[in-house]
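Take a look at the structure set out below.
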Amino acid sequence: MKIATWNVNSIRAREAQLTSFLEKHNPDVVCLQEIKCEESSFPRQILLDLGYHSAVSGQKTYNGVAILSREKPEEVTIGMNKDVENFDDPQARVIAATISGIRVVSAYVPNGQEPGCEKFNYKLSWLKAFREYLKQCLRKNDLVVAGGDYNIAPEDIDVHDPKKWQNKILCTAEERLQFASLLELGLVDTYRELYPDNQQFSWWDYRAGNFQKNAGLRIDFLLATPELFSLCDDCSISMTERSGEKPSDHAPVIAEFAV
DNA sequence: ATGTCTCAGGGACTGAGA
């Protein structure tokens, strides 16, 4: 079973690239982020024609998450408010579904803009709510994968120039502490666990030729429970899509499980 | 490099967000 996560930066602008991705890799499940549209304009039929069901949580212009799957998704839930009290998030950032007995979460963590600002505080409180959400999810399920754009580079190895990025957004100690607390729930960063010393990135700013210079960060992950990770054969970050025409600024992360 | 890309509003370009 092949599971992927990809921030597509608008699903309508990335329709051709998403089609190529699905045809090339033939994943069973894809967690999408930043679909940037309401459910009514989501290309559901195009994906059905390609053999994928869609579970969608969208909104106009910003954010939006989805889960594509070969098998029909079950127990689809949108947002965190069913599991986390006092956190009614108007932004479409979390969706979950059960596919082939695996609880799949697709998450788009807030960017935070700049340390100390209002959006940064929202990011930190969002992450605390998400931790509680995942805790409940792990309580109910043994096989869980939480794919997403976490907008955090967990360690210096995940950053092309750690000195330049020190205390910058995506790299602050506060964000890294929040990410570590997600792993402390009992989740494994599949790519990092398999390749402790590899430096490979999943996001490169469009500006300044950052991709050509490989000036990137690793901020997209497939987090798995130990039960699921024990079935993980491999995890990789695909460069094809980021290298192609009109790319998303994120690369897909793909893992293979013996399920 | 204040560097690029996407969206909405409005009907060309600007601002927000990343």
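Every chain is numbered from 1 and lettered A, B, ... according to where its sequence line falls, protein lines coming before strand lines. Values below: all heavy atoms of this structure, side chains included; hydrogens, waters and symmetry mates excluded.
- At a non-hydrogen distance threshold of 4.0 Å, nothing from residues 150-170 of chain A comes into contact with DNA chain B.
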Return a table of donor-acceptor pairs under 3.5 angstrom between the side chains of residues 61-69 of chain A and protein atoms on other chains or two or more places apart.
unit_1: A:Asn63; atom_1: OD1; unit_2: A:Arg93; atom_2: NH2; d: 3.3
unit_1: A:Asn63; atom_1: ND2; unit_2: A:Gln59; atom_2: OE1; d: 3.4
unit_1: A:Asn63; atom_1: ND2; unit_2: A:Gln91; atom_2: OE1; d: 3.3
unit_1: A:Ser69; atom_1: OG; unit_2: A:Glu71; atom_2: O; d: 2.6

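- Put simply, chain A comes within 4.0 Å of DNA chain B, heavy atom to any atom, from B:dG3 to B:dA18, going 5' to 3'.
- Identified under the ring-ring contact (aromatic ring centres under 6.0 Å, His included) test for residues 215-238 of chain A, with sequence neighbours left out: A:Tyr150-A:Phe221, A:Phe179-A:Phe221.
- Taking A:Ser238 as the reference, A:His25, A:Thr240, A:Glu241, A:Pro252, A:Ile254 meet the side-chain contact (heavy atoms from CB on, under 4.5 Å) condition, with sequence neighbours excluded.
- Hydrophobic side-chain contacts under 4.5 Å tie A:Leu177 to no other Ile, Leu, Val, Met, Phe, Trp or Tyr residue.
- A side-chain donor from one of A:Asn7 and A:Glu34 sits under 3.5 Å from a side-chain acceptor of the other.
- Using modelled atom types and a 3.5 Å distance limit, the side chains of A:Thr98 and A:Arg103 yield a donor-acceptor pair.
- With sequence neighbours excluded, the residues satisfying side-chain hydrogen bond (donor to acceptor under 3.5 Å, both in side chains) with A:Asn214 are A:Trp204.
- Along DNA chain B, the nucleotide nearest A:Ser10 and the nucleotide nearest A:Lys213 are compared for position; the residue whose nucleotide lies closer to the 5' end is A:Lys213.
- Annotation: salt bridge (Lys or Arg N to Asp or Glu O under 4.0 Å) contacts involving residues 183-203 of chain A, sequence neighbours excluded, comprise A:Asp158-A:Arg192, A:Asp189-A:Arg218.
- Residue pairs that meet the salt bridge (Lys or Arg N to Asp or Glu O under 4.0 Å) test with at least one member in residues 129-154 of chain A, sequence neighbours left out, are A:Asp83-A:Lys140.
- Taking every heavy atom of residues 108-126 of chain A and every atom of DNA chain B, pairs under 4.0 Å involve A:Tyr108, A:Asn111, A:Lys119, by number.
- Spacing between B:dG10 and B:dG15 at atom P, rounded to whole Å, works out to 15 Å.
- Of the residues near DNA chain B, A:Arg12 and A:Trp203, the one whose nearest nucleotide (by heavy atom distance) lies more toward the 5' end is A:Arg12.
- Judged as a side-chain contact (heavy atoms from CB on, under 4.5 Å), and not counting sequence neighbours, the contacts of A:Ile169 are A:Asn111, A:Pro115, A:Phe120, A:Lys123, A:Glu175.
- Straight-line distance between the P atoms of B:dA16 and B:dG3: roughly 14 Å, to the nearest whole Å.
- Distance noted for atom C1' between B:dA8 and B:dA12: 14 Å (whole Å).
- For A:Tyr195, the ring pair (Phe, Tyr, Trp, His ring centres under 6.0 Å) partners at least two apart in sequence or on another chain are A:Tyr191.
- The same atom, P, is picked in B:dC13 and in B:dA1; the two are 29 Å apart, to the nearest Å.
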